[in-house]
Amino acid sequence: MGFWEEFIPLVLHGAVNTLWVLVISIPASVALAIALGSARVYGNAPIKAIATAFVVTFRGFPLVVTLFLLFFGLADLGIYLTPYQTATLAFVLCGGSYMSEYVRGAIRSIDIGQSLAARALGMTKFQELIYIILPQAIRRALPGLSNEIIYQIKYSSLAFVVGYEEIFAVSKTFISRYFMPLQVFMVDAALYLAMTTAAAYGLRALEYKLRIPGLEMSIR
Amino acid sequence: KPAPSGTGTQCPECAIPVTSACKFVTAPPEGEKVHIVLGFDANYPPFTYVLPNGSAAGFDIDVMKWIANKYGWELELKPWDWSTIVTALENGDLDVIASGMSITPERASEKIWFSIPYYSYIHELVAKADDTRSADEILNSGAVIAVQKGSTAEEWADKLLAEGYNFQKLALNSYVEALQALLDGRAQALITDSAFLEPYLKQHPDVAAQVRVVTTLGAPETYGIATRPCDIWLRTKINDALHELMTSPEWNKLLEKWGLG
Amino acid sequence: MGRGSEMVGDEIVLRVENIHKRYKDQEVLKGVTFEVRRGETKVIAGPSGAGKSTLLRCINLLTKPDKGRVWLEGVELTDPETNINKMRQKIGFVFQEFNLFHHLTALENVMIGLTKVKKLPKDVARKKAEEALLTVHITEDLWHKYPAQLSGGQKQRVAIARALAMDPVIILYDEPTSALDPQLVGEVLRVMEELARKGVTGLVVTHEIGFALEVADEILFMYGGRILERGPPREVVFSPKHEVTRKFFENITKLYGGK
Amino acid sequence: MGRGSEMVGDEIVLRVENIHKRYKDQEVLKGVTFEVRRGETKVIAGPSGAGKSTLLRCINLLTKPDKGRVWLEGVELTDPETNINKMRQKIGFVFQEFNLFHHLTALENVMIGLTKVKKLPKDVARKKAEEALLTVHITEDLWHKYPAQLSGGQKQRVAIARALAMDPVIILYDEPTSALDPQLVGEVLRVMEELARKGVTGLVVTHEIGFALEVADEILFMYGGRILERGPPREVVFSPKHEVTRKFFENITKLYGGK
Amino acid sequence: MDPVWWEYIPYILQGAIWTFTLVGGGLALGFAIGVPVAMGQKYGPTWLKAVLDAYVWFFRGTPLVVLLFLFYWGVFPVLLGIKLDALTTSIIVLGLRSGAYQSQIFRGALNSVDEGQMLAARALGMTKWQAITNIILPQALRIAIPGWTNEYAIILKDSAICFTLGVIEILTRTRYVVISTGEALGPFLFAGILYIIFTYGGTKVFNIIYEKYHIPGLVGKGV
Ligand SMILES: Nc1ncnc2c1ncn2[C@@H]1O[C@H](COP(=O)(O)OP(=O)(O)OP(=O)(O)O)[C@@H](O)[C@H]1O
Ligand SMILES: Nc1ncnc2c1ncn2[C@@H]1O[C@H](COP(=O)(O)OP(=O)(O)OP(=O)(O)O)[C@@H](O)[C@H]1O
Ligand SMILES: [Mg+2]
Ligand SMILES: [Mg+2]
């Protein structure tokens, strides 16, 4: 059987698996990021400390290590996550921590007048955050978030270390069997480029759709 | 053991491409120092791995050192990522690969040719010591079976699945992790090769007590030293040396040293 | 005499006692005490940097005063037990810099307090917001513009409508007419009068002395973080006790002397 | 009659011809034409949303007019060949929203144009900036504050100083006294007068009709994107030709009628 | 008995030299590329925007392994006719890729600077360029700092992928240790903590810069 006939169906199967992880992990990461980022600016001291420790840990750990600890470390405690669960959870923990940094920065770049006006209306700190600050902050954080989302798409390749059969896992098997890294990498690159392009395009469109008329100079 | 030949294991119908990376097509001029770059994947004890001081060690390293020593070559040791190791060889970043590399027809193509085989091993199905089921029962139980990603053991798993056996393959990054999965109870069996398992169990008697080899799979396979097809002189020299080493008492001492006896 | 006085009752709506505030090296408020009765319109005047905006922000605790107490309708705002968010609903605030919510249209800016804080149903809130906007002459064509698309005067009026719509007990205005033309000033003033008649009390930081003379029941003249002088508008403006007050107001006569 | 008129020469400094500007569905400027002579102080008045700010921004091309031409000292700004950055140095601009540079202190805000655009040595620039700040009564204690730490009036004055310091040929003021108290208004007006005497021309959008009556040589009354009426201040204010103009200015008499 | 892998700690730590060479080089190069790219994307002519979009698209979207592979064995030797060593190639590729990401961080930051700032700068007679460098950039760089700490944390770990070309840094060494000793959890946890220290330390530095250049009174932490 030729390289293409053998490799393409396999790698497409891997791509479907990759998508399965991302479909869950990306939205969950964004949600976690908003919670963490908000907690780090608006939370009281203990909440702030917990959120910060969380971010420091999961931003600090290389993703491989997080995957490894969730897979083998938890198994030592009798908790057996499947490769799919491990990968999804690890991506959310890691991606959420990274993304939260953009959310935090964006929240802090909103001018103080906005919170003053919100509080003057009688909003609680939480209402202020939800209705006034976050809608503006998330818009500002979008370019950064799109970075992290794209990173996450590519990092999904690391799921192979816990035995998840995604694009890269399939490719690795193939490469060590035939030693044709160039061809395999080209196919992989095309697949990842397709996914990241779709994501980037979607996010750009979202950024454009959410822009506030007259406020920004020229979002394209 | 096969007799020494000029070419070792090769692709019979392949033409030999001569590229700028070819450095050892013919004998170098008299008096010129021969410098060989040895590429290896340091993830493969006891054949190739690293010591706490960072230097390379292992059976294959010792073999190559012996060969280099015999000819007075300069040997440079370069750890390299397995997935691009052949590309590095093709492009001249490396000159030989000695890293427990199985000789397979797919590999012996226009990219690399092998020396004569120097080590043979067999694939094994391993289960927990208290698991008394037969191989067929295990392979048909829907159980999780761990293998190393990209290894010939994974090929075996794929082959068995294609034959209609009913189990789930869990391909992990290394044999160590695959074995770990078995010990953790995450996997119910492990397909591995004797080249990894036997020395490992010798080194870790506690682990040896927990597992048992259920059966061997297929016929023995062999390792070879890979070179660029065009480096005919180099390959010949390696084959000669390998032959000499393998017929000397030194060979058994080496096998003994690395637990491969 | 101020126009509003006939509807001023005796009930004290706002009491401010001995407010102090310092920013690092600079004491901005050095003990300010006064009270406002229901229906009253009180004007705070004074030179730039006197601490007028800071004082207003201290009243609804947007800036925490270092010392001093504030009561609204008998409830102490400065008491940590008080639910300040509940109380702030009763205090309208019109910012000197407008501080409209950038991401909301004019109409949404006015609605958000009603729907999210007062929890009114959307349609009720919308009707109320529209009324408030019309009161300050923001017509329908502007309702769906974002703050960045509005002119200065339009923004200021939306800011006023946002405070109005909440049906507050008292409104604190920080220079509410600075970006308005005289015609609109007149109209906004009429709105403020009407509110006063309805019993909505006003505390207005303004440089429009004409307005103070027309509408205010009392002028508080602030200088260097203190209330230097207070009294009926005509008295403070035309026969002040202090030299600084005299100098501050003398330009008015000069400026409009031509008429 | 305006005070500045005695120093007004015949030389036309600024010519604006048939300026048009539309934002999507709304035509904001519908053909505005006028000229300003050297030393003149011209006031633009008109209701909120009339297009005054837009017109000012069109003059130095901060907003690109859709149609029409602008000349400064005989050089056509709207000509694509013209180095607009060179020309803008000669046009001071004081924004309605101040637009101070957030990351620079008051002093640095004034200096940056001198050092980066005019390329003056730092010490010279600093001296010039200090002078300009003192002219608008921003004293040394405020020089090293950031915009967010200044009061409204302080910000506005820094914005004026920033324009002043550049030694412009003409200054475009967009409501330069909106956040100022009457005393400061008087002082800023004096500064503007002095500048007029030195031949610095002024084009002022303002709602301070008192100021217009005192200082302006001419009032341009804008309405709905057009100059509806123009002429000497007293004429336009007290005996206007149009009903809208009359209505616009009638509040003034009402408002300050008490005096 | 001490675990066997403890003996390997110095070996792992020596990898830090390579890690930081890669990170330092990659980040600096990425910064030098990212800032102008972001400005070009926001303020440049249409054709330039198209070119820069393509650059960002390719380098953001392609896996690092593939980029390394392409540049080491393709772009440099074949297209450009130069043979660069693995370390140099790795730094260049990390830099090119990080530039694509950093440009998006800055683009976001540039968008957060309000329009009035540009208007006021142009009104003073500044050229677009002067306005950007003197007014917009100083404010945008401050806003970009949190995003930058992310990029640092990411590149710190992504440097591991340069092993594809034989550059052996911390994470690769850790893997070797895992395999060589047969002990997995310990070495991985050690590497994890090492990276946390590096990330946290680096982030701390960035945070100090952030707070130092935080514009007094301007932006909120909530009221
Ligand atoms: N970016 C924009 N997009 C859409 N509409 C705009 C924009 N900027 C201004 N407008 C509209 O153009 C009209 C004129 O605005 P402009 O700011 O010139 O008014 P103005 O005369 O300065 O008013 P004011 O005295 O209130 O400052 C207003 O109705 C405003 O809503
Ligand atoms: N966040 C701050 N940090 C430091 N100083 C501040 C801050 N806010 C205000 N100030 C200073 O406090 C003083 C009073 O400011 P405030 O805004 O209350 O003045 P104001 O009376 O409202 O003046 P204006 O009429 O010009 O608006 C000013 O000198 C100002 O510089
Ligand atoms: Mg104020
Ligand atoms: Mg305006």
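Values below: every heavy atom of this structure, side chains too, minus hydrogens, waters and symmetry copies. Chain A is the first sequence line, chain B the second, and so forth, proteins listed ahead of strands; every chain is numbered from 1.
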Interchain contact, B:Glu177 with chain E, by part (heavy-atom threshold 4.5 Å): side chain
Would you say E:Tyr200 has more than 12 foreign heavy atoms packed within less than 6.0 Å of its OH? no
Could you tell me which non-hydrogen atom of B:Asn43 sits nearest to which non-hydrogen atom of E:Arg175, and how far apart they are? OD1-O, 3.9 Å
Taking atom OG of B:Ser55 and atom OH of E:Tyr11, what is their separation to the nearest 0.5 Å? 9.0 Å
Should the heavy atoms of other residues, nucleotides or ligands under 6.0 Å from CH2 of E:Trp18 be counted, would the total exceed 12? no
So which heavy atom on E:Trp73 is nearest to which on B:Asp93, and how close? NE1-OD2, 2.8 Å
Taking atom NZ of E:Lys204 as the centre, does the number of heavy atoms from other residues, nucleotides or ligands within less than 6.0 Å exceed 12? no
Which atom names give the shortest non-hydrogen contact between E:Tyr176 and B:Trp80, and what distance separates them? OH-N, 4.3 Å
Could you tell me which portion of B:Tyr200 (side chain, backbone, both or neither) has an atom closer than 4.5 angstrom to a non-hydrogen atom of chain E? side chain
Specify which of B:Val176, B:Thr87, B:Asn53 makes the most heavy-atom pairs with chain E at under 4.5 Å. B:Thr87
Got a sec: does the CD of B:Glu256 have more than 12 other heavy atoms crowding it under 6.0 Å? no
Of the listed residues (B:Ser174, B:Pro46, B:Ala57, B:Pro79), which shares the most heavy-atom pairs with chain E below a 4.5 Å separation? B:Pro79
Does the side-chain contact (heavy atoms from CB on, under 4.5 Å) test come out yes or no for E:Tyr72 and B:Asn91, once each step is laid out? CA-CA 10 Å; E:Tyr72 188 62; B:Asn91 285 279; over 6 Å; no
